[in-house]
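These notes concern the structure reproduced below.
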Amino acid sequence: MSTGNMNFTLKVWRQKDANSSGKMVTYPAENISPDMSFLEMLDVVNESLIHKGEEPIHFDHDCREGICGMCSLYINGRPHGPKRAITTCQLHMRSFNDGETITIEPWRAAAFPVIKDLAVDRSAFDRIQQSGGFVSVNTGGVPDANIIPIPKVIADEAFNSATCIGCGACVAACKNASAMLFVSAKVSQLGMLPQGQPERWSRVQAMVAQMDEEGFGNCTNTGACEAECPKEISLLNISRMNNDYFSAKLFREEKVHDHGASGGE
Amino acid sequence: MSEFKQTFNSSLGKKLIMALTGLFLCTFLIVHLGGNLLLFCDDNGYSFNMYANFLTHFPPIEVVAYILYLAIIVHALYALILTVNNTKARPVAYVAHNDAPASWSSKNMGLLGSILLLFIVIHMGDFWYKYKFTHTVGYKEYRTNVLTNQTTVSDFTPADPTFEHSSTTEGDTEIIRVKDLHARVANSFSNVWYDLFYVIAMGAVAFHLLHGFQSAFQTLGWRHRKYTPIVKFIGTWFFGVIIPLGFALMPIVYYLKSLGR
Amino acid sequence: MSLDAKIPAGPLAEKWSKHKFNLKLVNPANKRKYDVIVVGTGLAGASAAASLAELGYNVKAFCFQDSPRRAHSIAAQGGINAAKNYQNDGDSVYRLFYDTIKGGDYRAREGNVYRLAEVSVNIIDQCVAQGVPFAREYGGLLDNRSFGGSQVSRTFYARGQTGQQLLLGAYSALNRQIHLGKVKMYTRTEMLDVVTIDGHAKGIITRNLINGNIETHSGHAVLLCTGGYGNVFYLSTNAAGSNVTAAWRAHKRGAFFANPCYTQIHPTCIPVTGDHQSKLTLMSESLRNDGRVWAPKTQEVAEKLRTKQLTAAQVKEEDRDYFLERKYPSFGNLVPRDVASRNAKEMVDDGRGVGGSGIAVFLDFADAIKRLGKEAVSAKYGNLFDMYYQITNEDPYTQPMRIYPAVHYTMGGLWVDYNLMTTVPGLYALGECNFSDHGANRLGASALMQGLADGYFVIPYTLGDYLASIGPKPVDKNNPAFAQTKQEVVERINKLLALKGTKTVNEYHRDLGHIMWEYCGMARTAEGLTKAKGLIQELRADFWKNAIVVGQNEEVNPALEKAGRVADFLELGELMVDDALMRNESCGGHFRLESQTPEGEALRDDENFAFVSAWEYKGDNQPEVLNKEKLEFEFVHLTQRSYK
């Protein structure tokens with residue numbers, strides 16, 4: 001089925017499940033077209049493995065257009081591969097040299113345990129969002145959308161933070177496996193918008209506490225996360241989160257409340 | 001757990017401690033360099049020795065000094081705690097080494113910090129400890145004629161080994177007797193290996209602060225489109241270049257002087 | 001069986017409010033005694049799960065992805081319609097209703113569509129309140145743009161990532177309820193069957209995708225919010241994981257499948273480069289606001305372009321055919337999707353396609369860049385241009401994009417009544433999973449609207465009516481139906497795992513896709529469809545003999561997951577072909593070559609086909625039975641669509 005003429009040697013992390021130990025295994029990837037995406041190249045390798053009755057290499061993927069955040073892969077020492085500002089599914093084989101050896105590893109972090117091969121469990125991110133990454137409004141009974149004017153610069157900046165796809169590349173890139181960029185993006189987005197103000201001080205405390213509980217490392221402001229983020233989320237978000245956190249902890253009276261307790265029956 | 005304890009035990013709280021102690025140490029460097037520039041006064045160490053004496057005998061400074069030592073210890077200790085946490089956060093290392101596009105100094109703060117800690121221990125042992133707690137530092141006597149403003153210098157050995165400092169007047173002559181740290185410095189700096197270590201340590205200061213100063217502002221959440229460039233400029237040029245260069249010049253100049261003697 | 005759509009009587013504008021009043025309510029104290037299962041966490045699923053939990057129901061939500069935030073709603077680019085009339089350009093609920101009915105080529109229900117238009121305004125309010133960062137004007141108010149075939153600016157957008165922002169909004173509402181314990185979230189869990197007791201849906205069977213555990217979950221109602229089935233074509237703009245399994249399993253348990261042949265082919269996608277291709281990437285329709293679609297006037301020029309003797313820029317103005325502008329002077333490049341798609345296909349069939357394969361036309365921004373400046377164009381479309389560049393290695397700022405239609409959305413789906421209930425009591429279908437609001441063709445920026453309308457503003461009312469009628473008695477988990485259905489699921493998995501043939505599941509999927517695209521794609525004929533039916537039957541028989549499925553059940557096994565999904569597609573494909581063959585007219589996205597106007601436009605046959613086809617499953621390898629729900633048009637006058 002392959003149509004191209006590029007060949008690669010893949011060194012891939014194989015691990016049966018979370019409880020097994022894993023190792024790097026070498027596979028050839030032959031007749032690869034430069035127009036294939038990196039995942040399509042893996043599809044080709046997997047098809048040939050299945051034909052041989054072997055287990056295909058497992059990796060997470062879904063939308064294959066760079067927005068769902070499901071694909072990951074630490075390729076040649078870089079999350080999402082060598083190109084800036086794209087996800088692995090948007091990475092094409094033309095970005096590699098024919099004959100190259102490509103090392104593929106899962107995200108490495110205590111908070112992201114390996115599920116199988118190259119797929120990791122990123123539910124820690126969900127739990128952080130659940131701890132406070134929302135505005136507590138119920139469906140219905142909200143004011144007209146145009147009742148609160150939001151300056152365009154604020155809306156745009158909040159949008160920049162909101163573009164995070166939750167892929168975890170920031171954690172993978174960080175030498176400390178810190179999740180600060182991810183967490184701060186949500187804290188910033190809601191912290192900047194008027195809708196997020198009522199819970200601003202409580203939210204940041206709750207989300208940071210959950211982040212700590214998940215076992216991510218600490219931020220040392222190296223900026224590797226920002227450089228590797230496929231959506232170019234800025235370090236500025238971390239700064240904003242820090243500011244909000246310290247304000248909340250040291251100068252505000254708000255405690256972490258039970259978010260949205262007004263909901264329920 | 002009290003709320004404050006909780007705050008400072010959080011990942012961000014620990015970073016806050018790092019930032020605050022770091023910035024405090026930065027301000028100290030300015031004062032320290034200012035004082036040490038007196039080494040360049042061509043007055044047979046008079047200003048420098050008086051400054052050293054002032055630092056060790058003026059009570060408020062004494063208090064600040066102990067806060068300083070505490071800051072160093074806390075800064076180092078929290079760095080250690082954070083590093084241990086960070087190592088735990090990635091139990092399985094990557095096979096392929098990444099060339100993450102982050103600055104060298106930001107990735108090596110621990111290494112740089114360790115060099116600095118070693119330096120501080122040696123440095124303080126050599127000067128501060130010996131000055132304060134031993135009697136191995138000599139004395140100088142400065143006689144100044146207040147009419148002609150001419151000063152003569154001579155070594156001086158007090159009868160009492162715990163003697164620190166005296167200021168007396170004999171007629172038109174003002175006599176100041178003080179511990180001669182200056183000589184101690186000049187002596188140390190005549191050793192080329194010592195100087196080399198000193199210069200390397202100042203290199204470490206440069207790279208540590210190159211990242212550290214602006215990083216502290218980032219941690220504190222003080223980022224602003226208009227002011228952050230100023231912070232970065234100060235961090236780079238003042239703390240990353242001028243301060244370490246100023247300190248590094250001392251051993252170099254004294255070593256060259258020692259060659260000329 | 002006669003199908004009762006339960007459309008309330010009375011004037012259009014009062015139907016929904018009257019209906020809401022007539023719906024039974026569940027006593028607030030009783031709400032916590034009901035369990036509701038929500039499958040899928042896209043816009044429809046996440047919004048429904050959150051809203052129902054807010055009301056006090058216990059919700060169990062399921063998704064096969066690793067997080068509810070990954071659902072494919074996230075990939076919608078362009079925007080969401082709402083009849084806010086913030087732009088003072090003549091929009092109204094009625095106009096949005098009318099445009100949607102007309103755009104759907106009069107194959108949707110008036111009552112449903114009007115309700116959709118009516119609640120559209122609430123959706124925007126809700127999303128803004130959640131902190132969705134919609135685009136704004138300098139004055140701080142919301143910005144709108146005109147979108148795909150609409151002559152008013154009613155589309156709200158968040159750069160080219162509207163779906164993402166809306167989904168993250170719904171996800172945040174869902175997260176809040178998870179945090180409060182009102183929603184129990186099951187990720188990496190795939191629904192494999194519906195459990196019915198006395199004809200009512202009472203639960204589902206799922207497979208845990210990490211360890212293969214087959215689990216049963218009970219509930220007083222089951223909501224399927226599992227999206228569309230575009231991946232039956234193998235190549236589509238859907239996510240790799242998008243599948244029909246949940247809906248198809250429900251169909252086999254008694255839910256009728258409506259209008260399966262209505263598929264939308266999106267005109268502006270990046271063309272296929274080769275057999276290795278795993279998906280097609282859509283470029284937002286908003287690009288047609290400023291881009292001009294053209295093909296070379298002659299085959300000679302096209303040939304020179306294909307062989308790279310000429311670049312697009314070198315083609316002289318008089319050698320270009322801006323075919324949409326030429327044929328549809330009043331709508332120009334903004335004609336509805338089906339029209340734009342079909343015209344691109346005509347160009348390619350006429351030998352005037354461009355690009356290496358010759359299967360593409362141009363979408364040119366040279367004039368827009370000249371008129372607005374590169375900066376302005378970049379501000380509007382920068383991320384889309386970057387995406388195009390990533391995929392094709394061609395710079396759309398300096399050379400026109402190559403585009404070609406691709407399967408994008410399926411208007412067909414599980415038949416539901418006005419309450420969104422399928423023909424299985426207690427089983428509901430929301431969003432793209434149902435068939436209800438878009439007729440034979442969906443307007444741009446209306447999918448997000450429908451998903452959220454169903455989840456936030458319809459189901460919270462209509463579900464209560466059913467729940468109140470059945471009472472809060474707990475579902476008996478010991479009912480043999482649970483064990484029985486589970487057993488059937490296990491047997492099917494074992495049957496799949498026993499396949500140790502020579503051809504991979506992916507290869508079958510690709511073959512199916514080729515058949516569907518060739519014979520049941522943009523242009524369909526009786527002859528082709530008849531042939532396709534035979535081909536699909538052969539392929540399906542071969543699949544159950546020769547497919548390879550590696551691995552075991554008790555592990556992460558994507559090969560097994562995919563095998564189950566493809567097996568269902570192989571059945572669905574045949575039903576789509578049946579439906580397309582039965583519907584001997586052209587309407588919207590369903591174009592039968594036998595039924596066209598002299599100008600080559602889709603020609604409806606309102607006399608014979610103004611109905612919803614609802615197919616009833618009768619057992620394996622039995623022909624499905626067609627049930628018809630007649631479409632009554634009380635308020636709009638059926639006309640031949642014309643965008644000239």
Side-chain angles (χ1 to χ4, degrees), chain A residues 1-3 17 33 35-36 40 43-44 47 50-51 53 55-56 58 60-70 86 90 94 115-116 122-123 126 129-131 133-139 142 144-146 149-152 155 158-159 162-163 166 189-190 193 195-196 259-260 263-265, chain C residues 28 31-32 51 54 56 65-67 69-70 72 74-75 86 124-126 128-131 133 136-142 158-159 161 164-165 168 172-173 175-176 178-180 182 187 210 239-241 273-276 278-279 281 387 390 393 456 460 504 506 548 550-551 555-556 558-559:
Chain A
M1 70 170 252
S2 307
T3 48
D17 54 39
S33 155
D35 290 329
M36 283 179 192
E40 285 167 349
D43 288 343
V44 169
E47 286 285 284
I50 293 174
H51 271 296
E55 284 238 355
H58 186 52
D60 271 333
H61 65 97
D62 199 27
C63 79
R64 299 205 172 195
E65 54 185 281
I67 194 76
C68 76
M70 188 120 172
I86 56 166
Q90 300 289 86
R94 67 178 82 92
I115 288 173
K116 180 174 183 171
R122 286 168 288 192
S123 53
D126 284 326
Q129 298 282 27
Q130 286 157 16
S131 71
F134 45 76
V135 175
S136 294
V137 289
N138 283 354
T139 304
V142 296
D144 185 89
N146 255 351
I150 302 176
K152 185 170 160 52
F159 183 89
T163 55
Q189 180 207 336
L190 297 178
L193 292 171
Q195 301 94 306
H259 280 276
E265 70 264 30
Chain C
K31 283 188 178 142
R32 78 173 90 87
S51 301
E54 285 162 12
Q65 297 93 341
D66 73 332
S67 162
R69 67 178 293 156
R70 314 273 189 225
H72 198 55
I74 205 158
Y86 281 160
I124 302 303
D125 300 341
Q126 186 63 34
V128 166
Q130 288 168 345
R136 286 182 183 262
E137 309 261 21
Y138 280 101
L141 302 183
L142 291 159
R159 281 186 215 158
Q161 288 135 273
Q164 179 198 27
Q165 293 310 315
L168 293 181
S172 72
N175 279 335
R176 174 168 162 247
I178 295 172
H179 181 70
L180 291 170
K182 290 303 290 179
T187 60
I210 304 285
T273 59
D275 240 7
H276 56 79
S278 62
K279 87 156 270 156
T281 304
M387 186 159 96
Q390 279 310 330
N393 214 25
Y456 283 135
T504 67
N506 210 41
I548 323 172
V550 295
E555 60 176 350
V556 177

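So that the names make sense, note that chain A is the first sequence line, chain B the second, and so on, each numbered from 1. Here the structure is a predicted model, which is why all the values come from computation and not from measurement.
Of the listed residues (C:Asp125, C:Val128, C:Ile548, C:Leu168), the one with the most heavy-atom contacts under 4.5 Å to chain A is C:Asp125. Contacts with chain C were tallied for A:Val142, A:Leu193, A:Val135, A:Ile150; A:Ile150 has the most, counting heavy-atom pairs under 4.5 Å. With chain C as partner, the option from A:Pro151, A:Gly66, A:Ala155, A:Gly69 having the largest number of non-hydrogen pairs under 4.5 angstrom is A:Gly69.
Under the 3.5 Å distance criterion, the side-chain polar atoms of A:Gln90 are left unmatched by any main-chain donor or acceptor of C:Met387. No donor-acceptor pair under 3.5 Å is formed between the side chain of A:Asp62 and the backbone N or O of C:His72. Of the possible polar contacts, none joining the C:Gln126 side chain to the A:Ala145 backbone as a donor-acceptor pair under 3.5 Å is found.
Between atom OG1 of residue C:Thr273 and atom CD of residue A:Glu40 there is a gap of 7.0 Å, rounded to the nearest 0.5 Å. From C:His276, atom NE2 reaches atom CD of A:Glu47 across 13.5 Å, with rounding to the nearest 0.5 Å. Atom CG in A:Asp17 sits 8.5 Å away from atom CD in C:Glu555 (nearest 0.5 Å). Separation of atoms CD1 (C:Ile124) and CG (A:Asp144) is listed at 10.5 Å; rounding is to 0.5 Å. Expressed to the nearest 0.5 Å, how far CG of C:Asp275 lies from OG of A:Ser33 amounts to 11.0 Å. Put simply, CZ on C:Arg176 and OG on A:Ser131 are 14.0 Å apart, with the number rounded to the nearest 0.5 Å.
Only the side chain of C:Ile178 comes within less than 4.5 Å of a heavy atom of chain A; its backbone N, CA, C and O stay farther away. Proximity to chain C involves both the backbone and the side chain of A:His51, based on heavy atoms less than 4.5 angstrom apart. Contact of C:Gln65 with chain A is made through backbone and side chain together, with heavy-atom distances under 4.5 Å. Both the backbone and the side chain of C:Gln390 come within less than 4.5 Å of a heavy atom of chain A. With a threshold of 4.5 angstrom between heavy atoms, A:Ile50 approaches chain C through its backbone and through its side chain. Only the side chain of A:Leu190 comes within contact range of chain C, with heavy atoms under 4.5 Å apart.
Using a 4.5 Å heavy-atom cutoff, the side chains of A:Arg122 and C:Arg70 are in contact.
When all heavy atoms are compared, the tightest approach of A:Lys116 to C:Val556 is NZ-O, 2.9 Å.
For the residue pair C:Thr281 / A:Glu65, no side-chain donor-acceptor distance below 3.5 Å is found, with atom types taken as modelled.
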